[in-house]
Q: 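Attaching a single structure in structure tokens format; questions to follow.
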Amino acid sequence: MLKAEPGAAATTSWSKQPGEFRRLRATHDGALWGIDAQGTLYRLTGSVWKPQREAVRDVAASPDGIVWVLLENGQLTRLGDGVPFIPEP
């Protein structure tokens, strides 16, 4: 996996990072999130991938920094407190 280095040019700013995932996301705050083949969500902290939640299909973050997870059962919830996503009219 590759990670962008802050402040470097796009063509020369990537460095190898540990991990093997079926999904990988970068959020607005620069956090890296990975989902492995078993559906476990990880967050890269320093050089260590730390597990955050199981049974995850996908992950995204809103511009205000709220991290949302799409669970394998199809439910979209906020990471941490499990509050379900309710679309605004």
Side-chain angles (χ1 to χ4, degrees):
M1 177 182 45
L2 300 174
K3 179 183 176 188
E5 296 296 331
T11 58
T12 61
S13 62
W14 297 93
S15 63
K16 287 191 178 239
Q17 299 293 307
E20 189 171 319
F21 301 103
R22 65 179 167 98
R23 285 247 190 251
L24 185 65
R25 299 284 186 253
T27 53
H28 290 280
D29 64 358
L32 288 178
W33 301 85
I35 302 170
D36 68 11
Q38 292 73 41
T40 302
L41 173 68
Y42 293 85
R43 182 177 181 171
L44 184 62
T45 304
S47 61
V48 177
W49 287 99
K50 294 187 177 182
Q52 303 293 309
R53 174 129 192 199
E54 295 180 348
V56 174
R57 188 182 305 166
D58 208 348
V59 62
S62 60
D64 59 0
I66 297 173
V67 177
W68 295 94
V69 292
L70 177 62
L71 302 177
E72 290 178 352
N73 66 8
Q75 185 179 18
L76 184 62
T77 64
R78 192 165 54 199
L79 184 63
D81 58 14
V83 171
F85 176 77
I86 300 171
E88 293 185 12

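This is a predicted model, so every value here is computed, not measured.
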Q: Please examine the side chains of Asp36 and Trp49, heavy atoms only from C-beta on, and report whether any two atoms are closer than 4.5 Å.
A: no
Q: Would you mind reporting whether Val59 and Leu79 have side-chain heavy atoms less than 4.5 Å apart?
A: no
Q: Enumerate the residue pairs fulfilling salt bridge (charged side-chain N to carboxylate O under 4.0 Å, His left out) with a member in residues 50-63, sequence neighbours excluded, ordered by first and then second residue.
A: Arg23-Asp58, Arg25-Asp58
Q: What's the shortest heavy-atom distance between Gln75 and Pro84, and which atoms?
A: NE2-CB, 4.1 Å
Q: Name all residues meeting the side chain to side chain donor-acceptor pair (under 3.5 Å) criterion together with Ser62; count only those two or more places apart in sequence or in a different chain, and write none if there are none.
A: Asp64
Q: Return the minimal non-hydrogen interatomic distance between Gln38 and Glu72, and the atom names on each side.
A: O-OE2, 4.0 Å
Q: Could you tell me the separation between the CH2 atom of Trp33 and the CZ atom of Arg43, rounded to the nearest 0.5 Å?
A: 4.5 Å
Q: Tell me the closest heavy-atom pair linking Leu32 and Ala26, and the distance in Å.
A: CD2-CB, 3.7 Å
Q: Can you tell me how far CD1 of Ile66 sits from OG1 of Thr27, rounded to the nearest 0.5 angstrom?
A: 12.5 Å
Q: Checking Asn73 now: which residues fulfil side chain to side chain donor-acceptor pair (under 3.5 Å) with it, not counting sequence neighbours?
A: none
Q: Flag yes if Ile35 and Val67 sit in one hydrophobic cluster, no otherwise; membership is Ile, Leu, Val, Met, Phe, Trp, Tyr, and two members link when side-chain heavy atoms are under 4.5 Å apart.
A: yes
Q: Which of parallel (below 30°), tilted (30 to 60°) and perpendicular (above 60°) describes Phe21 and Tyr42?
A: tilted
Q: Do the non-hydrogen side-chain atoms of Leu70 and Val56 ever get within less than 4.5 Å of each other?
A: no
Q: Can you give me the closest heavy-atom contact between Pro51 and Thr40, atom names plus distance?
A: CB-CG2, 4.1 Å
